[in-house]
Amino acid sequence: MELINRPRRLRQNDSIRRLCRETRLSPDSLIYPIFVDETLKGKRAIPALDGQFHYGLDAVCEAVEECIQAGVGRCILFGLPAHKDAVGSSAWDEHGVVQEAIRTIKAKYPDFYVITDVCMCEYTDHGHCGILCGHEVDNDKTLEVLAKTALSHAQAGADMVAPSDMMDGRIAAIRAILDEHGLQNVPIMSYSAKYASAFYGPFREAAGSAPSFGDRKGYQMDPHNRREALKECALDVEEGADILMVKPALSYLDVIRECSDAFDLPMCAYSVSGEYAMIKAAGAAGLIDEYRVMCESALSVFRAGADMLITYYAKELAQAMKKGDIG
Ligand code: PBG
């Protein structure tokens, strides 16, 4: 048969397929979430997230060691404080759980890159991401505590801060306080387009951060919206964000594509707890090949335009990249 165009020529064997890959991945683009619990000694499995652990301050370096062994050089820290109150005051405590975790990690692994999640929901007794006024989160009052929290992380030695609260104006507020304190070189990664998603379920169990009433729809984005993601990103660019983020990842690949096309800042995607838990559960049930679905899912996020990925599979993905299964 006379066929001039035979796309299969480029798919004949692994060598040519790898030569022609359009999407190139590297362990350098992976960020691993680490949960540090102030009340814990050692480490404890997180039931909602099979294969993930809470770490005590005495054990957090174990988590880092495992990352380094696997080829992952960056983490994002989440804190579970011993004490919660209405305003989340332990979030900006100089000796709070995240601040101490940063110091502990940096003392042993100064080159390991530490990003911190900046939010109030793990620190407030009502579980909302800011300060309440009645049953609403007061945007402008919350900006002050977010800024103080980000500052305390940076002063403890965090390499980057990542606000995930979705208050209006938080990037400007955080940039201003960091700059006032001589921390001009600490970048801000903004959870720019963060949707009010059911995919955060396992995380809220892991972080003890579920709201005690209501939901987060008054501040996180409506999953119906696409243009609004562009607006949120544009505001963050104006306010001085260094890196933008779309979250969750898999159900929002269209948003990742559009935002990464529209802005020239690096684009991060967060493959959230529910995405991980679904793959784990389906794999454990024998319904899918966990390893291959993990690879394909991560790959799709990069193909959609993400430059970096926060994922509970970071260590396994780094290994998959080393082996050439993806990458
Ligand atoms: C804090 C925060 C959340 C996640 C990251 N930062 C939870 C939420 O907004 O309810 C979710 C991460 C995940 O599901 O893996 N606000």
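Excluded from the calculations below are hydrogen atoms, water molecules and symmetry mates; all remaining heavy atoms, backbone and side chain alike, are included. Both ligands and their constituent atoms are indexed starting at 1 by order of listing. Starting from 1, each residue takes its place in the sequence as its number.
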What class does the angle between the rings of Tyr252 and Tyr195 fall in, given that below 30° is parallel, 30 to 60° is tilted and above 60° is perpendicular?
parallel
Plane angle bin for Phe78 and Tyr270 - parallel if under 30°, tilted between 30 and 60°, otherwise perpendicular
tilted
For [atom], what's the nearest protein heavy-atom neighbour? Residue, atom name and distance, please.
atom                    : value
atom 14 (O) of ligand 1 : Ser273 OG, 2.7 Å
atom 11 (C) of ligand 1 : Lys247 NZ, 2.9 Å
atom 10 (O) of ligand 1 : Arg204 NE, 2.6 Å

Contacting atoms of ligand 1, where contact means under 4.0 angstrom from a heavy atom of [X]:
X      : answer
Phe78  : 5 (C), 6 (N)
Ser164 : 1 (C), 2 (C), 6 (N), 16 (N)
Cys121 : 1 (C), 16 (N)
Tyr270 : 12 (C), 15 (O)

Where [X] and [Y] come nearest, the two heavy atoms and their spacing:
X      : Y      : value
Ile326 : Cys295 : CG2-CB, 3.7 Å
Val237 : Leu265 : CG2-CD1, 3.9 Å
Pro27  : Gly71  : CB-O, 3.4 Å

Do any N/O atoms on Ser209 end up under 3.5 angstrom from N/O atoms on ligand 1?
no
Just go through Met166, Lys194, Glu122, Met120 and tell me whose heavy atom is the nearest to atom 2 (C) of ligand 1.
Lys194
Please state which option from Tyr191, Tyr195, Phe203, Tyr312 has its nearest heavy atom closest to atom 7 (C) of ligand 1.
Phe203
Just do the ring pair (Phe, Tyr, Trp, His ring centres under 6.0 Å) check on Phe213 and His128 with the steps written out, would you?
CA-CA 9 Å; Phe213 65 90; His128 277 286; 4.8 Å; yes
Should Arg175 and Glu239 be marked as a salt bridge (charged side-chain N to carboxylate O under 4.0 Å, His left out) after you check the CA-CA gap, both sets of side-chain angles, and the distance that decides it?
CA-CA 8 Å; Arg175 188 70 272 159; Glu239 290 179 31; over 6 Å; no
Donor-acceptor under 3.5 Å (Asp222 side chain, Asn225 main chain):
no
If you measure from each non-hydrogen atom of Asp117 to ligand 1, which part falls under 4.0 Å: side chain, backbone, both or neither?
side chain
